[in-house]
Amino acid sequence: VTDPAVSRLLLHFPGERLLAFYSCRLCECGSPRPDPSTDILEPRFNMDQALLALQAARPISCILLDQRHFSGLGNIIKNEALYLCGIHPWCLGSQLGADTHRQLLRRLLHFTHDWLDRKRRRQRLQHLIYQRARCPRGHTVQRAQLGPPGGLSRPTWWCPVCQPLVPAPLG
């Protein structure tokens, strides 16, 4: 049975390719509603909860993309905020001090609100590190796919000079 006319769901792709589902159940569902306390653009964003999440013994880039703690924070914001704070994306959140956590959170909030404001005014936002070959100080930028083990890897840009990797403590 390859007749698209009797399919229940038909997805079209470039090059006249398609994917047809014949025996499936379709139902409408709404998009998930994030907890307002985790949405970085919400006035009810819980800073204390976010600061606690940043203390995890996980790579900071993975913590920031965890939508349970930072709903709405995306890959560009992650890259730019980490660069502005001089934090290597694989640095563990638990290795950073409380002042660094607060500085990172302030940068995230400022960058996100500024980005949204510029988008609304149809102004282009200049990236400092995201998709750049060199950082603003002229150093060669590194790029890798980073993500949690078994999870989604995202393209990540960083400057190894401006964002040095802090070695994890032994033990």
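Fair warning: this is a prediction, and the values are worked out from it, not measured in the lab.
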Applying a strict under-4.5 Å side-chain criterion to I, L, V, M, F, W and Y, I'd like to know whether Leu51 and Leu96 cluster together. yes
Pairs involving residues 101-115, ordered by first then second residue, that meet salt bridge (charged side-chain N to carboxylate O under 4.0 Å, His left out) (sequence neighbours left out): Asp99-Arg102, Asp114-Arg118
Test Thr156 against every option in His88, Lys78, Gln145, Arg143 by the side chain to side chain donor-acceptor pair (under 3.5 Å) rule and name the one that passes. Lys78
Looking at side-chain heavy atoms only, is the closest gap between Cys162 and Tyr83 below 4.5 Å? yes
Can you confirm whether His113 is buried at NE2, in the sense that more than 12 heavy atoms of other residues, nucleotides or ligands lie under 6.0 Å from that atom? yes
For the student: nearest non-hydrogen atoms of Ala50 and Phe45, plus distance: CB-CZ, 3.5 Å
Interatomic distance, Thr100 atom OG1 to Leu105 atom CG [nearest 0.5 angstrom]: 12.5 Å
Is the closest side-chain heavy-atom distance between Leu52 and Gln49 below 4.5 Å? no
If every non-hydrogen atom of His139 is compared with every non-hydrogen atom of Val161, which pair is closest and at what distance? CE1-CG1, 3.5 Å
Nearest non-hydrogen partners of Pro89 and Ser61, listed with the distance: O-OG, 3.0 Å
Taking the side chain from Thr38 and the backbone from Asp35, do they hold a donor-acceptor pair closer than 3.5 Å? yes
Nearest heavy-atom pair of Trp90 and Gly147: which atoms, and what distance? CH2-O, 3.4 Å
Under a 4.5 Å side-chain heavy-atom rule over Ile, Leu, Val, Met, Phe, Trp and Tyr, are Leu165 and Leu84 clustered together? no
Using 0.5 Å steps for rounding, measure from the NE2 atom of His127 to the CD1 atom of Ile76. 4.5 Å
If I compare all heavy atoms of Ile129 with all of Cys159, which pair ends up nearest, and what's the gap? CD1-N, 3.9 Å
Quick one, Arg44 and Ser37 - any side-chain contact, counting heavy atoms below 4.5 Å? no
Identify whether Met47 and Leu64 are in the same connected component of the hydrophobic contact network (ILVMFWY, side-chain heavy atoms under 4.5 Å). yes
Are any non-hydrogen side-chain atoms of Asn79 and Trp158 less than 4.5 angstrom apart? no
Is it the case that the side chain of Gln95 and the backbone of Leu92 share a donor-acceptor pair, with hydrogens and angles ignored and the cut-off at 3.5 Å? yes
Can you confirm whether Leu108 sits close enough to Leu73 that some side-chain heavy atom of one is under 4.5 Å from a side-chain heavy atom of the other? yes
Measure the acute angle between the ring planes of Trp157 and Tyr130, then classify it against the limits of 30° and 60° as parallel, tilted or perpendicular. perpendicular
Could you tell me the separation between the OG atom of Ser71 and the CD atom of Glu42, rounded to the nearest 0.5 Å? 9.0 Å
Identify whether Phe111 and Val141 are in the same connected component of the hydrophobic contact network (ILVMFWY, side-chain heavy atoms under 4.5 Å). yes
CZ (Arg124) with more than 12 external heavy atoms under 6.0 Å: no
Out of curiosity, does Leu146 fall in the hydrophobic cluster containing Ile60 (side-chain heavy atoms, cut-off under 4.5 Å, transitive links)? no
Restricting to non-hydrogen atoms, name the atom on His101 and the atom on Gly93 that form the minimum distance, rounded to 0.1 Å. NE2-O, 2.9 Å
Rounded to the nearest 0.5 Å, how far apart are CG of Leu125 and CD of Glu80? 7.0 Å
Any Ile77 side-chain heavy atom under 4.5 Å of Trp115 side chain: yes
Any heavy-atom pair between the side chains of Asn75 and Pro155 that's under 4.5 Å? yes
Quick one: pull up CG in Leu82 and CG in Leu104 and give me the separation to the nearest 0.5 Å. 6.0 Å
Set of salt bridge (charged side-chain N to carboxylate O under 4.0 Å, His left out) partners for Arg68, sequence neighbours left out: Asp66
Looking only at the side chains, is there a donor atom on one of Arg134 and Thr140 sitting less than 3.5 Å from an acceptor on the other? yes
Ignoring hydrogens and geometry, is there a side-chain-to-backbone donor-acceptor pair from Gln67 to Gly72 under 3.5 Å? yes
If you round to the nearest 0.5 Å, how far is OG of Ser94 from CG of Leu54? 11.0 Å
